[in-house]
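Right, one structure below, let's go through it.
Atoms within a ligand are numbered from 1 in the order they appear, just like the ligands themselves.
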Amino acid sequence: MKQFEANFDGLVGPTHNYAGLSFGNVASLNNAAQKSNPRAAAKQGLQKAKALAEMGMIQGMLAPQERPDIYTLRRIGFSGSDAQVINQAYQQAPALLNACCSASSMWTANAATVSPSADTADGKLHFTPANLVDKLHRSIEPETTGNILKAIFNNEQYFSHHQHLPEHASFGDEGAANHTRLCQAYGDRGLELFVYGQQATSPNAIKPRKYPARQTLEASQAVARLHGLDDSTTVFIQQNPDVIDQGVFHNDVISVGNQNVLFYHEQAFLNTDTAFDEIRRKLAGDIHFIKVPTAKVAINDAVKSYLFNTQIITLPSGKMVIIAPTDCQENPAVNAYLQELLTLDTPIKEVRFFDVKQSMQNGGGPACLRLRVAMNEQELAAVNPGVLLTQALFDRLNTWVEKHYRDQLSQADLADPQLVIESRTALDELTQIMQLGSVYRFQR
Ligand code: SUG
């Protein structure tokens, strides 16, 4: 049976803005209060997704969430009409209004952890939405994320959906951003590598001092249990706390894997040698560890350029290509490294650059924008076809963006009650375009 790795990219929502909400994410803080361009952001994301589809990759889209999140604002005591709720929040607690307006669900690497059927005890493909408890604006995503995933992977014979983990710091879970699957062919049993930032139930365990470690070992272990992964093919490795303190808030900012390739910065992990020995033991067949030394790319350059938030994809021809943000091309050290990489004896043979700057300014590169789902032919046939990116869907989505999105949004604009109406009108139409049914609360 044929096997694929599909990418599901997050469609950027109409309220995309820069609110400086993510302490520990340098780009988010540096760009706080800049004006955003939601229309350009959505189009940049669509262009990247379409380019991958044109390369022969299976490409899907995940719908954005309903923002402003009026329900959370009501839950914390703002009342009256929707317009009154927005106005009160803006006057009394603008930071909370900002949190309820973020389009952060675009970064679908944080939507869920996904284990392909080849790895799980019951032979089903498993999904656990990430609870994202470390950040208020992200902690309000998982319920709708679960609804959207269930509307897309809607077949109990093949797909198993779990509830997100308990909403407590001990179970901080950031989804696929801290999870990599290594394998030979996509349909082979793989090794699932979970990268955590701290061990929450062990107060003396080593952790970062300055910035939060969003992912806990306890969360990673819980997801592995839920998905029915076997110890013999699962590895837990701690992220280096020193790099978290330099702005590496997710593992996918410092390492990325594809099939039997792990591309990583030499400072990415703690106890690298022991962990890599375990990986060699647990993954059948060859493995290519591509180490990027600090002497070639400093952590600061990796964080600014997102060299590791690249997508490494395998084209239908078998060739591996690295999909990088144009920010990598603009950084002399990183660009030089990428050109050198292509001359090294590794499976990565080509680099292609994409402009995703609207997302980058909030700390989201190409890899943040996608959720990987390795599937076989039967599973792919069971996916809701309304979300799979064809030329026709691309055209419809582009037209939809043109029609509904603003080309500028400032923090003050978030107080405009019209934004609620605009956003709901857009999403209502989107659920029809993508055949999602009623995934949003306003539709119920
Ligand atoms: O969670 N930024 C996101 C970026 C997520 C990137 N994802 C991965 N690395 N997989 C975050 O920090 C910024 C929002 C703001 O400040 O307006 C934000 O949420």
Under 4.0 Å from a heavy atom of [X]: give me the atoms of ligand 1 that qualify, with their elements.
X	value
Ser28	13 (C), 15 (C), 16 (O)
Ala109	10 (N)
Ala177	10 (N)
Gly363	4 (C), 6 (C)
Asn17	17 (O)
His250	7 (N), 8 (C), 9 (N), 10 (N)

Shortest protein contact, [atom] (heavy atom only):
atom	answer
atom 19 (O) of ligand 1	His137 NE2, 2.6 Å
atom 17 (O) of ligand 1	Ala19 N, 3.0 Å
atom 10 (N) of ligand 1	Asp252 OD2, 2.7 Å
atom 6 (C) of ligand 1	Cys368 SG, 3.2 Å
atom 15 (C) of ligand 1	Asn362 OD1, 3.2 Å
atom 18 (C) of ligand 1	Ser22 OG, 3.3 Å

**Request:** Mind telling me whether His227 and His126 have parallel, tilted or perpendicular rings, with 30° and 60° as the class edges?
**Result:**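 Because their plane-to-plane angle lies in the 30° to 60° range, the rings of His126 and His227 count as tilted.
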
Check this for me - ligand 1, [X], N or O atoms closer than 3.5 angstrom, yes or no?
X	result
Arg214	yes
Phe249	no
Asn110	yes
Trp107	no
Gly20	yes

**Asked** So Gln59 and Asp9, side-chain contact (heavy atoms from CB on, under 4.5 Å) or not? Walk me through it.
**Response** CA-CA 8 Å; Gln59 179 70 55; Asp9 279 41; 2.9 Å; yes

**Item:** ligand 1-proximal atoms of Glu174, by part, heavy-atom distance under 4.0 Å
**Value:**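 Under 4.0 Å from ligand 1, Glu174 contributes no heavy atoms.
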
**Prompt:** Which is it for Asn25 and ligand 1 at heavy atoms under 4.0 Å: side chain, backbone, both or neither?
**Reply:**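 Just the side chain.
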
Would [X] and [Y] count as a close aromatic pair, with their ring centres under 6.0 Å?
X	Y	value
Tyr186	Phe4	no
Phe308	Phe263	yes
Phe289	Phe276	yes
Tyr71	Phe442	no
Tyr211	Phe23	yes

**Ring-face cation contact, Phe394 with Lys50, 6.0 Å cut, 45° max** =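 Pair Lys50/Phe394 counts as cation-pi.
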
**ligand 1 contact by Asn31, heavy-atom criterion under 4.0 angstrom** =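 Checking ligand 1 against Asn31, which is what was asked, there is no heavy-atom contact under 4.0 Å.
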
**Asked** For ligand 1, is Arg138 a contact, meaning one of its heavy atoms is under 4.0 Å away?
**Response**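 True for this residue.
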
**Under-4.0 Å salt bridge between Asp327 and Lys357** =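 Looking at Asp327 and Lys357, the cut-off is met.
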
**Side-chain touch Leu397/Leu389, heavy atoms, less than 4.5 angstrom** =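 A side-chain contact under 4.5 Å exists here.
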
**Message:** Looking at Phe78, is its backbone amide N or carbonyl O close enough to the side chain of Gln88 to form a donor-acceptor pair, meaning the two atoms are under 3.5 Å apart?
**Reply:**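 Not confirmed, Gln88 side chain does not pair with Phe78 backbone.
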
**Item:** Distance-only donor-acceptor check, side chains Asp428 and Gln443, under 3.5 Å
**Value:**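 Their side chains do contain a donor-acceptor pair, which is all the 3.5 Å distance test asks for.
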
**Message:** Consider side-chain contact (heavy atoms from CB on, under 4.5 Å). Of His250, Gln239, Gln215, which one does Val195 pass it with?
**Reply:**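 Testing Val195 for a side-chain contact (heavy atoms from CB on, under 4.5 Å) against His250, Gln239, Gln215 leaves exactly one candidate, Gln239.
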
